[in-house]
Amino acid sequence: MEIRNICCIGAGYVGGPTMAVIALKCPEIKINIVDIDKSKIDLWNSNNLDDLPVFEPGLSDIISEVRDKNLFFRTDVNKCIDKADMVFMAVNTPTKTEGEGKGMAADLKYVESCARTIAKASRTDKIIVEKSTLPVRTAEKIIDILSENKKVKFQVLSNPEFLAEGTAIQDLFKSDRILIGGELSEEGKIAVNSLAKIYERWIHKDKILKLNIWSSELSKLVSNAMLAQRISSINSISSLCEKTGADIEEVALSVGMDSRIGPDFLKASIGFGGSCFKKDILNLVYMLNYYGLEKEAIYWKNVVDINSYQTTRFSDKILKALHPYENKTISVLGWAFKKDTNDSRESASIYLTKYLIENNVKVKVYDPMVSKQRVYNDLLEMGANINSKNLKFFNSPIEAIKSSSGIAICTEWDEFKNYDWKNIYNLMDDSPWVFDGRNILNIKKIKGFGFNVYSIGK
Ligand code: NAD
Ligand code: UGA
């Protein structure tokens with residue numbers, strides 16, 4: 001089946017960049033991205049490309065090339081669905097905050113609501129693509145909802161997304177693999193091949209795996225769990241390095257040179273953040289428990305627990321070093337959960353700042369990409385007791401650093417490496433500290449300027 005018109009529901013960090021790349025690679029396909037959040041659609045349509053709601057290196061260039069040619073950001077959801085041959089669901093699947101599975105299971109209310117909207121709005125046959133990350137067997141639920149529309153035939157595919165924020169465009173251009181899960185029936189195979197044909201424009205056929213739909217859904221969760229597990233593993237060893245004089249970077253380098261282990265995702269840090277690792281592992285843990293696999297559930301839950309512990313351990317190092325710490329000021333450099341994104345969901349800096357404020361430390365924040373409003377909202381959503389005395393946000397790093405007792409580096413932004421640290425030393429209180437939560441600075445050099453330094457795993 002030839003796809004001429006695509007509708008993507010959800011104009012977020014996945015929907016926006018993914019559809020921009022498909023639009024670029026397939027100029028003859030018309031793509032409408034829709035969202036219930038009108039303000040987000042307005043930002044995607046903004047004349048000023050600096051205002052796009054998602055910051056990703058390379059994204060604005062693609063948007064300026066394809067927007068209003070074959071890529072459109074719209075709010076008329078029903079109409080766009082009805083016109084489409086293929087509908088992607090790229091809506092959020094956060095952890096449930098109430099009801100059965102609260103705090104663990106993925107909340108499927110947005111996905112289910114999409115399915116209901118698709119069932120109501122469709123008058124012609126369609127291929128529905130699960131792009132969101134979903135618990136295994138969600139397709140069953142979606143098929144059930146879609147079957148309310150008796151006049152139209154739907155084929156449901158699982159096509160999880162593996163892009164990482166900050167490198168989304170390059171990840172989409174050079175995906176390690178594309179998973180397409182579908183039904184084994186003749187119609188199912190036609191649907192799988194229609195989607196594969198789109199990716200084949202720029203991804204080699206050998207990297208496109210056609211699978212059983214449940215394997216596809218589950219592989220996404222397991223990929224994220226395995227990536228996060230490597231970070232928790234190396235972070236758990238960082239504490240041992242601090243006790244023994246081993247250096248975590250040397251250990252990671254040595255271990256990663258074993259080709260069976262590989263060098264990636266072995267960077268010790270203040271703890272992983274982002275909207276997905278924690279929620280996806282908790283969802284996996286919930287499913288394991290649901291199927292009575294308690295030992296397996298405990299194993300994976302530890303990956304999340306070690307991560308929270310690493311952030312608390314880092315926060316405690318700060319309090320101990322600054323003792324007596326009450327009313328001292330710490331400058332938090334970096335609010336995004338990693339560099340090259342404006343996304344701060346689940347960023348370790350939120351947990352660190354809340355903890356410091358609870359212990360009567362004053363915090364000054366700077367991030368090159370995250371807004372003041374976002375920083376305040378993140379803390380309020382977390383229940384932090386912030387006020388104008390204990391929290392200040394600055395658009396300039398120098399203002400954020402001036403007269404504080406210590407700097408906590410929470411994001412590995414490149415600009416932090418290039419600061420004039422000698423000059424910064426002179427702007428701070430006596431015997432200032434640098435707490436490097438990302439191991440990006442040259443400790444010897446920084447110590448040479450007079451700083452006390454704590455680096456993870458050193
Ligand atoms: P997001 O919050 O940035 O975007 C989701 C969008 O969906 C929001 O703008 C929301 O308004 C919209 N939406 C929700 N319900 C809707 C409805 N019924 N109709 C229309 N719009 C609706 O989320 P995201 O980061 O893009 O993640 C989306 C999914 O992709 C999640 O399942 C996530 O786990 C997965 N994922 C995310 C990433 C990532 O890097 N962020 C990578 C791979 C997979
Ligand atoms: C991650 C996965 O890498 C993507 O493949 C997946 O598609 C995505 O989750 C998702 O499903 O949402 P993302 O969270 O955007 O992507 O970014 P990562 O590069 O994985 O980083 C996650 C967190 O781990 C960041 O806070 C990062 O700083 C931290 N990290 C990463 C480390 O602390 N150490 C490392 O070695 C690597």
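Counting starts at 1 for both ligands and their atoms, in listed order. Positions are given from 1 along the sequence.
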Proximity of [X] to ligand 1 by residue part, where a heavy atom lies under 4.0 Å:
X	result
Ala168	neither
Ser113	side chain
Val91	both
Met89	neither

Subject >> Heavy-atom proximity to atom 17 (O) of ligand 2, best of Glu412, Lys338, Lys267 >> reply: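 Shortest heavy-atom distance from atom 17 (O) of ligand 2: Lys338.
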
**OP:** Using the six-membered ring wherever Trp is involved, compare the ring planes of Phe435 and Phe314 and label them parallel, tilted or perpendicular (cut-offs 30° and 60°).
**Re:**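 Judged by the thresholds at 30° and 60°, the geometry between Phe435 and Phe314 is perpendicular.
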
**OP:** Measure the distance from atom 8 (C) of ligand 2 to every protein heavy atom, then report the residue, atom name and distance (to 0.1 Å) of the closest one.
**Re:**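 It is Leu163 O, 3.6 Å.
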
Answer with yes or no whether [X] contacts ligand 2, where contact means a heavy atom under 4.0 Å from a ligand atom.
X	answer
Ala164	yes
Lys339	no
Arg230	no

**OP:** Could you see which bit of Leu227 sits under 4.0 Å from ligand 2, with heavy atoms only: side chain, backbone, both or neither?
**Re:**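 Contact part for Leu227 vs ligand 2: side chain (C-beta onward).
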
Original post:
Between Thr167 and ligand 2, which part of the residue brings a heavy atom under 4.0 Å of the ligand: side chain, backbone, both or neither?
Top reply: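 Contact part for Thr167 vs ligand 2: neither.
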
**OP:** Might you confirm whether atom CD of Glu148 has over 12 heavy atoms from other residues, nucleotides or ligands at distances under 6.0 Å?
**Re:**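 Above 12, so yes.
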
With only distance considered, is [X] within less than 3.5 Å of ligand 1 through an N or O on each side?
X	answer
Asp35	yes
Ile36	yes
Asp280	no

**OP:** Among residues two or more places apart or on two chains, list those pairs meeting ring pair (Phe, Tyr, Trp, His ring centres under 6.0 Å) that have a residue in residues 30-49.
**Re:** Trp44-Phe73

Original post:
Are Phe277 and Phe272 close enough that their ring centers fall under 6.0 Å?
Top reply: yes

